[in-house]
Amino acid sequence: MENFEFVSPTHFVFGRGAEEQVGAKLAERGARRVLLHYGGRSAVESGLIGRVKASLDAAGVACVELGGVRPNPEVGLVRQGVALCKEHGIDWVLAVGGGSVIDSAKAIAVGAHYAGDVWDFFETKQPTDDVLPIAVVLTIPAAGSEASKNAVVSNDALQMKSGYPNNAQRPKLAFMNPELTFTLPEYQTAAGITDMFCHLLERFFDDVGAVPVTDNLNLSLMKTVRAEAPRVMVEPDNYDARANIMWAGMLCHQGLAGAGRHEDWATHGLEHELSALFPHITHGAGLACMFPAWMEYVHGENPTRFAFYGREVFGLAPTGDVDADALSAIDETRAFFASLGMPTTLAELGVGEGDIEKMIPTLRANKGEPFGSFKKLTMDDAREIYRLAL
Ligand code: NZQ
Ligand code: ZN
């Protein structure tokens, strides 16, 4: 078991009506003027933004609004948010939305007291503790950003999408009402489930041996996500299924499912280049194509681990041929994503052979070379994995 540090400062308010407590809980913590940050349409149209504003108002917390965060959020809007924080003396950032809104909010919170350009943090990964506190009303279980230490932001001018890890930007408050997810389009529900499952895979497959306390937690989450997924796809307003998926999405990525392991994260690196080059690609859909391809490419490093995963998560009976068992586990993974309606090839997302080379320089800049843990990958390996995913 490898050494690790784990910080989890998030206070969760989970269940029906959770968002009604936003104002009171923020006021208790001394918030006076918040930046209310949200996405394109859904939270306004559902009336959620109106309810959150009413809750802030009732608690005497003032707010300045900044909507319009797009999926795969862009640094331009982050800069606007930073300017608003400086102009209005904002003391908390309140994100209402999914991973894109929360990550944009985290970047704003990091930039709020910084004299330079907020993109510096994404480029240099420089640490800072001078971060505005963040609260979140989650509307889509997927990225796990409601408790994670990461923010992922695109810079269209540079055609880059980069992550910034910092425990100081983990949200301090997360309001999670599963009913808010009833309105999710099928595709977003499916992409979210794929993403959370991949957060477990990234942690399960690395170069560390067994860590039973962590691995069993991880496997239990994989089994839960796999069992609940068809329920939410068939019955989008099944409260218990939505609730299990929502809480699982947080547990998949706040860190415990990888404690004591190195974790891999090569596939997320490969996917981030796709959604940097093609902002219309939903992160989970990109992962659905990339993860089975990565698995096929690397499984020979440790087929026993893959066979173990296949047995535990998909109930595959051992055949006596560990390599065949590993390949069956990979087939099951691909079939699971396909059963949710996710694409299985990059071609379905409009990506062609000619796009691969465009992603290599930024992949190298973001991940370095070699990258990954289960198998150390070069840029030539990355090219091969993209090709396998085509
Ligand atoms: O903009 P609106 O109109 O709100 O629509 C959103 C958006 O189009 C819609 N939506 C959200 N909640 C809804 C809803 N529609 C109806 N009803 C609701 N309740 O869903 C769409 C996708 O939203 P988005 O926030 O982009 O989804 P997600 O949570 O999957 O976030 C994806 C982003 O998170 C990053 C990804 O790279 C991507 O940029 N990630 C962040 C991580 C982190 N911070 O730790 C880790 C992840 O691995 C990931 O990289
Ligand atoms: Zn992800």
Side-chain angles (χ1 to χ4, degrees), residues 10 19 37-49 67-75 77-78 95-107 110 122 134 136-155 160-167 169-171 176-203 236-237 242 245-246 249-250 252-255 258 263-265 267-276 278-288 290-291 366:
T10 313
E19 71 278 10
H37 200 36
Y38 50 90
R41 283 189 357 259
S42 71
V44 175
E45 284 174 4
S46 67
L48 175 60
I49 293 296
V69 181
R70 70 167 205 207
N72 299 318
E74 216 272 327
V75 69
L77 194 71
V78 171
V96 180
S100 297
V101 177
I102 301 169
D103 288 1
S104 185
K106 286 176 174 176
V110 165
F122 291 83
I134 298 156
V136 169
V137 177
L138 186 68
T139 64
I140 168 171
S145 190
E146 62 275 17
S148 81
K149 68 175 178 188
N150 296 301
V152 190
V153 171
S154 293
N155 183 323
M160 285 189 89
K161 180 172 179 181
S162 301
Y164 175 62
N166 185 344
N167 278 315
Q169 67 185 354
R170 286 189 191 250
M176 300 169 69
N177 175 357
E179 285 180 339
L180 299 180
T181 69
F182 288 1
T183 54
L184 276 169
E186 235 174 76
Y187 191 77
Q188 291 298 337
T189 299
I193 289 169
T194 305
D195 189 21
M196 64 182 77
F197 194 81
C198 290
H199 294 159
L200 298 171
L201 297 175
E202 295 279 17
R203 294 179 161 92
D237 51 4
R242 287 285 193 188
I245 285 289
M246 192 177 219
M250 188 285 294
C252 290
H253 198 42
Q254 111 283 32
E263 311 186 357
D264 189 86
W265 297 103
T267 314
H268 265 67
L270 294 164
E271 195 294 317
H272 284 160
E273 298 312 323
L274 285 172
S275 41
F278 301 101
H280 72 272
I281 293 183
T282 302
H283 173 61
L287 288 171
M290 294 311 302
F291 232 109
N366 273 323

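Quantities reported herein were computed from a predicted structural model and do not represent experimental measurements. Note that ligands are numbered from 1 as they come in the structure, with each ligand's atoms numbered from 1 the same way.
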Contact atoms of ligand 1, heavy-atom distance to [X] under 4.0 Å:
X    : value
N72  : 38 (C), 39 (O)
T183 : 16 (C), 17 (N), 18 (C), 19 (N)
H253 : 45 (O), 46 (C)
H268 : 48 (O)
H199 : 47 (C), 48 (O)
G39  : 1 (O)
P71  : 7 (C), 8 (O), 26 (O)
L180 : 19 (N)

Can you pull out the closest protein heavy atom to [atom]? Residue, atom name and distance to 0.1 Å, please.
atom                    : result
atom 50 (O) of ligand 1 : H272 NE2, 2.9 Å
atom 22 (C) of ligand 1 : Q188 OE1, 3.3 Å
atom 25 (O) of ligand 1 : S100 N, 3.0 Å
atom 49 (C) of ligand 1 : H283 NE2, 3.4 Å
atom 29 (O) of ligand 1 : G99 N, 2.7 Å
atom 41 (C) of ligand 1 : D103 OD2, 3.0 Å
atom 30 (O) of ligand 1 : A142 CB, 3.4 Å
atom 27 (O) of ligand 1 : I140 CD1, 4.0 Å

Could you tell me whether some N/O pair between [X] and ligand 1 is separated by less than 3.5 angstrom?
X    : value
R41  : yes
G40  : yes
V101 : no
S148 : yes
T181 : no

Please give me the minimum heavy-atom distance between [X] and [Y], naming the atom from each residue.
X    : Y    : result
W265 : H253 : CH2-CE1, 3.5 Å
R242 : P236 : NE-O, 2.7 Å
N150 : S145 : O-OG, 3.8 Å
A191 : A285 : CB-N, 4.2 Å
D195 : A143 : OD2-CA, 3.3 Å
G98  : I140 : CA-CG2, 3.3 Å

- Just do the side chain to side chain contact (heavy atoms under 4.5 Å, CB included) check on C198 and H283 with the steps written out, would you? CA-CA 11 Å; C198 290; H283 173 61; over 6 Å; no
Mind checking whether [X] and [Y] have side chains closer than 4.5 Å, heavy atoms only?
X    : Y    : result
N155 : F122 : no
P141 : L184 : yes
E146 : Q254 : no
I245 : M196 : yes
Q169 : Y164 : yes

- Message: Please classify the S42 to ligand 1 contact at 4.0 Å (heavy-atom distances, strictly less than): side chain, backbone, both or neither.
- Response: both
- Query: So which bit of T139 gets within less than 4.0 Å of ligand 1, heavy atoms only: side chain, backbone, both or neither?
  - Reply: both
- Task: Report the distance from atom NE2 of H272 to atom CG of N366, rounding to the nearest 0.5 Å.
- Result: 9.0 Å
- Query: Got an N, O or S from H199 under 2.8 Å of the Zn ion (ligand 2)?
  - Reply: yes
Please confirm whether [X] comes under 4.0 Å of ligand 1, counting heavy atoms of the residue only.
X    : answer
P185 : yes
K161 : yes
P73  : yes
E45  : no
R70  : no

- Would you check if the side chain of T139 reaches a backbone N or O of L180 as a donor-acceptor pair within less than 3.5 Å? no
- Task: Report the C-alpha distance between L77 and R70 in whole Å, list the side-chain angles of each, state the deciding distance to 0.1 Å, and finish with yes or no for side chain to side chain contact (heavy atoms under 4.5 Å, CB included).
- Result: CA-CA 9 Å; L77 194 71; R70 70 167 205 207; over 6 Å; no
- Message: From the N, O or S atoms in D195, identify the one nearest to the Zn ion (ligand 2).
- Response: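 It is OD1, the N, O or S atom of D195 closest to the Zn ion (ligand 2).
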- Given the rule in the side chain to side chain contact (heavy atoms under 4.5 Å, CB included) test, do F291 and L201 qualify, once you have shown the distances and angles that lead to the verdict? CA-CA 9 Å; F291 232 109; L201 297 175; 3.5 Å; yes
- Taking atom types as modelled, is there a side-chain donor on N72 or S154 under 3.5 Å from an acceptor on the other? no
- Rounded to 10°, the NE2/H268 to the Zn ion (ligand 2) to NE2/H283 angle comes out at 100°
- Stepwise, does the side chain to side chain contact (heavy atoms under 4.5 Å, CB included) test hold for K106 with V153? CA-CA 10 Å; K106 286 176 174 176; V153 171; over 6 Å; no
